Amino acid sequence: MSTPLESWVEESARLTKPAKIVWCDGSVAENDRLTDEMLRDGTFIELNQRTYPRCYLHRSNPNDVARTEGLTFICTREKETAGPTNNWMAPSEAKEKIRPLFDGAMKGRTMYVVPYIMGPVNSPYSKIGVEITDSAYVAASMRIMSRMGKAALDRLGGSDDFVPGLHSLGDLNPERRFIMHFPEEKLIWSVGSGYGGNALLGKKCFALRIASWMARDQGWMAEHMLILGLEDPSGKVTYMAAAFPSACGKTNLAMMVSALESQGYRVWTIGDDIAWMHVAEDGTLRAINPEAGFFGVAPGTNAKTNPNVMAALRHDTIFTNVGLTQSGEPWWEGMDPEPPAGLIDWNGRQWSAPNGAAAHPNSRYTVPASHSPSLSSRWEDPAGVPISALIFGGRRARLAPLVYEARDWQHGVFVGATMASETTAAATGAVGVSRRDPMAMLPFCGYNMADYFGHWLAMGPKLKNPPKVFHVNWFRRSADGKFLWPGYGENVRVLKWMLDRIEGRAGANDTPIGCVPTPNSLTLDGLSISRDTLAELLAVNSSDWSEEEQAVGQFFNKFDGRLPAPLRQEHASLGGRLSRSSVATK
Ligand code: OXD
Ligand code: MN
């Protein structure tokens, strides 16, 4: 008798007709074999093995370099279940459309069966997925990004408790590219793309879209959040989780070298992209990082912005769509002030400035978390770490102050639900356009966002001491377009203010949007920042916020009657506070 997994593999093979099937065990020997094959067929280019041992460069098809949100669907029986912010297709229609694209797609190719665990091997919160793929690059990347191979098969046994994901590169034609999710049957079908977020199915497809659905049903949370621990001078570590949209600095914050290290404040990394959070028996919110590696944006990464990751990616790392130096090393914009001579760009052409960027703006490194010098000793704690603060943030040139604190859980949900950010190169489409991205989950929520807000609201009362909720904006600019805040390692000063708030030590001014630090409550020693700049960073401008309040109303209208009433109430209360404060300041 075949197991449910064997039956699904057989069924997928009948459809895709591969020349051979390889069951991945995740071993070093297997990884060496895959690497050799990819070096032979050109999928991998060897980097300088002296300075970057076991590191390789992969160049993807130039039309396949980012997540394609327009081709990503939530396929539920009812359109309403997917909601107004997702692309929707009925499951039967989606399957009819995609099945022919899978039919014979693996002819002459190898089918890799990639079993994996999302989460620590022995955590009760972890879950199993199995990806079938015809891409060796995907199989090798999944080995870095998850606990892949034998450990997953051992945990699964003969059970059917896994999320199946069928992936084929297809012909890489965007006309025939679809990323389909069937949350009602916990199934993923992805065809026509080899790019990370579209093709490494454990990440966005399972750990966010399908998992958010499971989390709603089972009473936990699957969020687009980094997890970090802030150590204080006494050695106590306070854990925080933060949601920022793609390419807004989650990895840098999670791995930061603290500017307050000499005062005893250090940051420890648990995860850089996804948090699965459960209510523990003691009423705390406990977070695990379901991933095992970092799939980070390369451009802008350097010894100042993220020294820990620069150290981490010097061995056993896959680079995708970065530039290549004459000495066979990876290179991207922002790595050094000047590009080295003789660079090859991400398309494999001799680079010169008029050709555009040497590295694609969404070029990536795929590196095991275990390489990071900042990795927390608790990063694989099966019980997760207790979360004391949840942080939302986006890129906003104007409007949002450096940091503010929500009044309570319900207001915090409103702050997360109304977050907005300027778009980045992590997804195809225009860059720099402001859009609402609730909880940074707009592209990743597997069901109706109004119901997702309802789920957030329902989680608060289940927690004994709900985490405090904050909003940050590292990206506020002056009238002449300059960033007001230095960011990176200096962001620890904001984390420290949050810690002081959690412990009841720091001062704040109550404003219509929430509590903003008093200038003296931020630890600014060693940083040269003028009082005027600080005032600009912390300013809450009532007329700008009134415009924002109107825009939020329009956004909420998308959800019609489905929007939870407490969010309407929070919206009305904000309006009331803003009009009272503008009367008061007149
Ligand atoms: C990612 C993304 O790759 O959010 O993490 O796009
Ligand atoms: Mn992400």
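What you see is a predicted model, and the numbers here were worked out from it, not measured in a lab. Note that ligands are numbered from 1 as they come in the structure, with each ligand's atoms numbered from 1 the same way. Heads up: numbering here begins at 1 and tracks the sequence.
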Under the rule for ring-ring contact (aromatic ring centres under 6.0 Å, His included), what residues qualify as partners of F453, not counting sequence neighbours? F559
Determine the minimum heavy-atom distance between P330 and L47, stating which atoms define it. CD-CD1, 4.1 Å
Angle subtended at the Mn ion (ligand 2) by D273 OD1 and H224 NE2, rounded to 10 degrees: 90°
Answer yes or no: are there more than 12 heavy-atom neighbours, outside [X] itself, under 6.0 Å from its atom [atom1]?
{"X": "R398", "atom1": "CZ", "result": "no"}
{"X": "Y488", "atom1": "OH", "result": "no"}
{"X": "Q218", "atom1": "CD", "result": "yes"}

For ligand 1, list the protein residues that place a heavy atom within a distance below 4.0 Å of one of its atoms, sorted by chain and number. R67, K203, K204, H224, S246, D273, F295, R364, A426, F444
Report the residue from N362, T428, N61, T68 that forms a side chain to side chain donor-acceptor pair (under 3.5 Å) with Y195. N362
Give a yes or no on whether A426 keeps an N, O or S atom under 2.8 Å from the Mn ion (ligand 2). no
Return yes if a side-chain donor-acceptor contact under 3.5 Å exists between Y137 and T320, otherwise no. yes
